Every structure is written in C-alpha cells, then in structure tokens.
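All of these numbers come straight from a predicted model, not from anything done at the bench. In what follows, chains are A, B, ... by sequence order, proteins preceding strands, each numbered from 1. The basis for the numbers below is simple: all heavy atoms, side chains too, and nothing from hydrogens, waters or symmetry mates.
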Amino acid sequence: MKLTLDSRAMKDVYIETLIKLAEEDQRIVVLDADLMHSNSTIRFMETYPGRAINVGVQEANMIGTAAGLAATGKIPFTHTFSCFNTRRALDQIYMSVAYAKLNVKVVGTDPGITAAYNGGTHMPLEDMGVVRGIPTMTVIEPVDNVMMEALVKDIAYLDGPVYLRVNRKEPVQIYAPGTEFEIGKGKVLTEGDDLTLIASGIMVAESLKAAELLEQKGIRARVVNIFTVKPIDKELIVKCAQETGAIVTCENHNVINGLGSAVAEVLAENCPVPMERVGVQDLFGEVGSVDYLQKRFAMTAEDIAAKAEKCLARK
Amino acid sequence: MNQLQVADRERLEAFAREIRITTLKELGHLGFGHLGGAMSIVELLAVLYGEVMKIDPQNPQWEERDWLVLSKGHAGPALYATLALKGYFPMETLFTLNQGGTKLPSHADRNLTPGVDMTTGSLGQGFSTGLGVALGHRLDGRDNYVYIILGDGECQEGQIWEGVLFGGNAGLDNLVVFVDYNKQQLDGYIDEINPLGDLRAKWEQFGWHAQEVDGHDVAEIYAAIQAAKAAKGKSSVIILNTVKGKGCHFAEGVKLNHHMRFTQEQIAEAIERLEGGRQN
Ligand SMILES: Cc1ncc(C[n+]2csc(CCOP(=O)(O)OP(=O)(O)O)c2C)c(N)n1
C-alpha cells in the first residue's frame, strides 16, 4: 500500500463539509474560543456570520453556552484545541451537556503529539480517556479527509453528544474516495491471520508501515482502523482476536484510558488473547517536532513491529 | 524613591532593547512563534529583572527571591531571553527553543528552565497559582514579592475573575499583578471578540489597588510598582497599555500577529532597525 499525504488540511475539509451542511440546516451553529484562525472556523463565520460565535478565551463558558443553544434546538459544534475542549471544560461537558442530555458536538484539534511545538501543556494524551468515561458520549477520531467528509453529517445528526478528535494538518490518505463509514464500526484495512494491529488517528499509517515491516519477516498482520473509540466495535475486535489470536493497539494517546484500554476491556470480557499497547506510556507530553515525539514516545512503525513480535511470542 | 533617575531609566531602556533583540534572535532561529505577545511585555521584563526583583541568577531557587508567574505562558521566549541576559543559563541555550529535549519549551515550565518559577500555558491558571504563592509566602511570614503577568485575552477566562474576587478579598500586599493590555488576542482585536470594558474600574470594584500606565515606558512601570508596594493591605494590579508586536516592524500594527512565521531576512531587518535606534 502506497501512503501519500493529502494536500488538504483536515481542518479545512472539516469546515468545508460543515459549511455545506449548514447551508441546508439552519440549526447548525459554530462556537470557538479564540482559535478561529487556527481551526479554520473563521471560514464558517465568514459564510454565516450570524451562526458563528467567537466567545474569546473561555472554554467552560463556551461549552455551557453550547448546551443552552442545544436546549433551544440548535446543533452546536464547539472548537478549540483538544486539551482545552475536554479537560478545561470537563465538568461542563459532563453535567451541562451529557447528563442534561443536550446535543453538543465537541471538536478538539491538535490531539496528542500533533500539538508538537505547543508542548506538554497543550498535548492532550488523556482527552479520549476523560470523555470516554462519560455516559452517552460518542468518541470519534477520523483518520483522513475521505472519512472526515463522510462523517460530519452523521455526527451532526447523531442524537447525543460527540467528541470529535481532529488532526488539523494534512493527513496521510488511507481510504479511497467514496468509501462509506458507519459510526461504531471499524474497518479492516489489510488482511492477515498472525495478529491484528488495531489503530486510530495518525497511528493508522504507522500500523500499515509496520505491517509491511512484519511481512518482510513472514508475519502477516491484519490492520484494523477503529475510528469510533466509543461505542467500540466489539464484534470486530472479538472476531480479530478469535481469528488472529493476538492484538496490538496503536494510538496517539496515553495507553491508559484510550483505544488500548477500550480494546482491552472488550478482550478481557469476551476473548482474552495476548495484547500489547503502543502509545504514550503514561507520560506527559513534551515540546518538539512530530517526528521527534514519535520516536521519543516509541510510536513509530518500527516500535509497532517490535511490540507485535513481542505479542506474537506470547501467543 | 518612586521615580527612576535618568541614568537608571536609560539603563532600563537599553536593557529592554537588548531583551527585544535577543527574543527576536531566539524566535528567528526557529522561524516561527508567539511573537506579538512576547514583544509587548519587554519593557515590563526589563523593569522587573533590571531593577525591581530580588533575584540571584546563580541560585534560581534562592528562598529569599521574588517570584514571577508568567500566566500568559506563551510569551515564554521573551522571559527566556531576559533570563539568559541575566545569566541564568548560557545564551546559546536560547537557540534550542522548542527543539526536542530542550529546557526552553514554547510555554513556561518551572521544572525545565532555571529561573522560571511556575508552569503555565493553559490561560487563566497562572493567576491562581500566583495567588497561592503569595498566600504561601504570607503564611510563612516572608517578604518575597510575587509578580504575575496576565494577557488581556486571558482575562476572558472565568478563572481570572474567580481570582480577582478571591485576591481582592485576600488583600495580598506582597503581590503585584500586571495585565498586558495590548488590545489583541489570537483571533484579532479584543473589542471585536469579547471586550473587557473598563478593566481598571472592574478590578477596583473587586477591591484591588488598580493603576493604568504606559506599558512601554520603563519609568511609568517602575513608579507604578513602587505605588503598588506602598498600598498596604491591598492586592495590586497594574494595567499596562501596550502594543502587541511592539518594536518589531513587521508585527506591530498587524491584526494577526499572535503566532507568526518569519524569514531570517525579516528578523535581521527588525534587529538592524532596533540597533539603529528606531522604535520599530
Ligand atoms: C485555556 C487556554 N485556551 C486557549 C489557549 C490558546 N491561546 C494561547 S494564547 C491565546 C490568546 C491569548 O491572548 P492574550 O491573553 O491577549 O495574549 P497576548 O495577546 O498578550 O499574547 C490563546 C487563545 C490557551 N493557551 N489556553
């Protein structure tokens, strides 16, 4: 599989899709907390000035306001960096949004090590974890522009709160144009029966590279993209465990509470098989380039391949 | 003495120029960064580190020292330039800004950088931690001063106003808070996004000793700090009227000058202009 970078930034594809959707649906409103130029939400504001609000630097108030807007029948999408849109307003997401059953779409950008030069304070490695623990939340991490374009509408019309984890930059293209997706269902990207690599976000491309490295050693790895971390595709995970007997999860997140934990929960209760988790091993983020951080936190294709071999040895 | 002597004023102005040029070199080496909000606090840093603060660069953890909490942590590069000029660490360290493994991350970090007293970056939080440091010193009966630098966009955070209420009631006279009122935030002008209104009146209403001065005039900043210290029993705030991007010709007056990319040529020209005695 040849991997190429898409020329379009994912934040632009996201906002263009939302702008199109909002043309037919007046209920869609956009809120941002002083990162409109970083998130491209400024383009929504330029298109629909009345339906976009820059609240300024105040995330908790943004989420609460969005909840109130939802109570009047709007479909609000809130935006800021992932770290601020989750942990900075967590109680508001918990109570005003989820507990009150209000339909807010929380869009966090620069997840995990893609926060790069903003450093540790801005590097959310716990965002999926903290929102995953809230009942009714759907947690989605789109992997490329094809998926992003396909999912925005489903997210808008999903009845319940959603956390959308968005890499702002140009993603590696994984899917062919026109591919269809269903929230809550994973996708098998390559077949294999020795073990399964289950990946999300930027780690999908690394997993595909890792599968090639493993193939050179005669190991056939199946690669699965779980883009809905909650509700997780239990059926597919159990099937992979039964058919391949070993699982390695790969995520741009702390291995605690994210994809790795979610998969482990499914395996432990349904089909325990040897498992390893690639991701940040319960450390804080640091400043640096994405390349540097990927090596620093052992999140490269080579690291995945090494964990895969370790996992296979336990089979 | 509330007034600076002429010689001191000239010395601090020269120090400010040096901080500004050093910050430009530091950011210029990287090619991008939070330029606007770094430039607007340069005169304040010059007065604090050049005259007011009790510090020992050889002993950053000195118990008797005054503390600085840069609540607008993204202006770290200006603080790092100041600390390097004061001798906290070698000047070459400045060129490791934001590189993997550096001691100088984009946002201020108390565990990484000698001389940085508090970890900041998520806006609003530095204010509360600074209040806590001032309270702690008071509980210990110490006379260390605590200086906190807030951004004006940062003042949109609810946490700031929790702190203003609490700090006003606490009467922390070992504390001086500065608001870098450069009228701009990340997305542009505060007044077009979520205006702060009469900031000084608001702080006064919450029980603070509040002053408003020209944040690029070292003598005014110095005099205001002396007046703040004289206001016994009250927490003090000094609102600094500043210009985002101040002193950097390609950033000053630009709407989106919060985080910028720049070329070596632009930086070289900016430095040359300042060295030639221009204001920007
Ligand atoms: C809680 C939080 N929300 C958002 C950000 C992203 N951010 C960094 S700086 C900034 C604008 C800050 O404006 P201001 O306080 O006026 O800073 P200055 O203009 O002085 O640089 C924003 C939104 C952040 N660092 N922390």
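More than 12 heavy-atom neighbours from other residues, nucleotides or ligands sit within 6.0 angstrom of CZ on Phe297(A). Within a 6.0 Å sphere centred on NZ of Lys202(B), heavy atoms belonging to other residues, nucleotides or ligands number more than 12. Enclosure of atom CZ in Phe284(A) is not indicated, since only 12 or fewer non-hydrogen atoms of other residues, nucleotides or ligands lie within 6.0 angstrom. Taking a 6.0 Å sphere around CZ of Phe89(B), one finds it holds more than 12 heavy atoms contributed by other residues, nucleotides or ligands. The neighbour count for Tyr99(A) OH, taken as heavy atoms of other residues, nucleotides or ligands under 6.0 Å away, does not exceed 12. Within a 6.0 Å sphere centred on CE of Met45(A), heavy atoms belonging to other residues, nucleotides or ligands number more than 12. Around atom CD of Gln281(A), more than 12 heavy atoms belonging to other residues, nucleotides or ligands sit under 6.0 Å away.
Distance alone, capped at 3.5 Å, places no donor-acceptor pair between the Thr121(A) side chain and the Ser122(B) backbone. Under a 3.5 Å cut-off, the side chain of Arg88(A) and the backbone N or O of Leu123(B) do form a donor-acceptor pair. Judged by distance alone, the side chain of Asp187(B) and the main-chain N or O of Met36(A) form a donor-acceptor pair under 3.5 Å. For His107(B) (side chain) and Asn118(A) (main-chain N/O), a donor-acceptor pair under 3.5 Å exists by modelled atom type.
When all heavy atoms of Ser106(B) and Gly119(A) are compared, the pair lying nearest together is OG-N, 4.1 Å. The shortest heavy-atom contact between Gln58(A) and Gln156(B) is NE2-O, 2.7 Å.
Using a 4.5 Å cut-off between heavy atoms, His122(A) contacts chain B through its side chain alone, with no backbone atom that close. Proximity to chain A is absent for every atom of His258(B), based on heavy atoms less than 4.5 angstrom apart. At a 4.5 Å heavy-atom cutoff, the contact between Thr102(B) and chain A is made by side-chain atoms alone. Neither the backbone nor the side chain of Leu112(B) comes within contact range of chain A; no heavy atoms are under 4.5 Å apart. For Tyr117(A), the parts lying under 4.5 angstrom from a heavy atom of chain B are both the backbone and the side chain. Both the backbone and the side chain of Gln185(B) come within contact range of chain A, judged by heavy atoms closer than 4.5 Å. The contact between Leu35(A) and chain B is made by backbone and side chain atoms together, counting heavy-atom distances below 4.5 Å.
Most heavy-atom pairs under 4.5 Å with chain A: of the set Leu186(B), Ile160(B), Leu256(B), Asn194(B), this distinction falls to Leu186(B). Of the listed residues Val287(A), Leu293(A), Val57(A), the one with more heavy-atom pairs under 4.5 angstrom with chain B than any other is Val57(A). Comparing Gly124(B), Pro105(B), Gly100(B) by heavy-atom pairs within less than 4.5 Å of chain A, the highest count is held by Gly100(B). Interface remark: of the candidates Arg296(A), Glu59(A), Lys295(A), Glu59(A) forms the most heavy-atom pairs closer than 4.5 Å to chain B.
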